[in-house]
Amino acid sequence: QVQLVESGGGLVQAGGSLRLSCAASGRAFSTYIMGWFRQAPGKEREFVAAITWTGGGTYYADSVKGRFTISRDNAKSTVYLQMNSLNPEDTAVYFCAADSAPASVFSDNDYDHWGQGTQVTVSS
């Protein structure tokens, strides 16, 4: 069992940057695959990025590749999402998620633990 709390969301102008953080409590954080998902109004939740427990493997949605960077600090039990070159289409509630061994790092249905979400709004 792990509890996840996201922070760092807010209002930013197009072209700007934000860094989201997800602080985890629980004894097994370093063994978890960590993912970021987002949900825009009226849309389904979608995959954004994921990282393996070692940090050696990262995965990105095509829509954010080259703009977003996921990283983790196991000593701090924290995963980050650096978001650059933001545009209004990135506006959504961003969730971090964790699982010991998801069948697919890209599928929200395969993650057992979720944070409450943090709002990111990008203005034009």
Legend entry - hydrophobic_cluster_shared for Ile51 and Leu4, side chain cutoff 4.5 Å: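 Both belong to a single hydrophobic cluster.
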
Legend entry - Verify same cluster id: Val12, Val48 (apolar side-chain graph, 4.5 Å):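 Per the 4.5 Å side-chain linkage, Val12 and Val48 are co-clustered.
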
For [X] and [Y], indicate whether the former's side chain and the latter's backbone hold a donor-acceptor pair under 3.5 Å.
X	Y	result
Tyr60	Ile70	yes
Ser85	Arg67	no
Arg19	Gly9	no
Thr91	Pro88	yes
Asn87	Ala14	no

Roughly how far, to the nearest 0.5 Å, is [atom2] of [Y] from [atom1] of [X]?
X	Y	atom1	atom2	answer
Ser21	Gln82	OG	CD	9.5 Å
Thr31	Asp99	OG1	CG	9.5 Å
Ser104	Asn109	OG	CG	10.0 Å
Arg72	Ile33	CZ	CD1	7.0 Å
Tyr32	Cys96	OH	SG	12.5 Å
Thr121	Asp90	OG1	CG	11.0 Å

Taking the side chain as every heavy atom from C-beta outward, state whether [X] and [Y] have any pair of such atoms under 4.5 Å apart.
X	Y	answer
Leu11	Ser123	yes
Leu81	Tyr94	yes
Thr52	Tyr59	yes
Val122	Gln13	no
Val120	Leu18	yes
Arg38	Val64	yes
Trp36	Glu6	yes
Phe68	Asn84	no

Considering non-hydrogen atoms only, spot the tightest contact between [X] and [Y] and give its length.
X	Y	result
Gly35	Tyr111	N-CE2, 3.9 Å
Met34	Ala98	SD-CB, 3.4 Å
Val2	Ser25	CG2-O, 2.8 Å

Inset, instruction - Begin with the C-alpha distance, continue with both residues' side-chain angles, and end with the deciding distance and a verdict on side-chain contact (heavy atoms from CB on, under 4.5 Å) for Leu20 and Thr118. - result: CA-CA 8 Å; Leu20 305 183; Thr118 186; 4.1 Å; yes

Inset, instruction - Report the relative orientation of the aromatic rings in Phe47 and Phe106; use parallel for angles under 30°, tilted for 30 to 60°, perpendicular for over 60°. - result: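 The arrangement is perpendicular - the two ring planes meet at more than 60°.
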
Legend entry - Set of residues satisfying salt bridge (Lys or Arg N to Asp or Glu O under 4.0 Å) with respect to Asp108, sequence neighbours excluded: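 With sequence neighbours excluded, Asp108 shows a salt bridge (Lys or Arg N to Asp or Glu O under 4.0 Å) to Arg45, given in chain and number order.
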
Legend entry - Within 6.0 Å of CD in Gln3, more than 12 heavy atoms from elsewhere: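 Counting other residues, nucleotides and ligands, CD of Gln3 stays at 12 neighbours or fewer.
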
Legend entry - Asp73 and Thr78: CA distance, side-chain angles, deciding distance, side-chain hydrogen bond (donor to acceptor under 3.5 Å, both in side chains) verdict: CA-CA 5 Å; Asp73 186 338; Thr78 301; over 6 Å; no

Legend entry - Chi angles and distances behind the side-chain contact (heavy atoms from CB on, under 4.5 Å) call for Phe37, Glu46: CA-CA 5 Å; Phe37 294 80; Glu46 66 174 344; over 6 Å; no

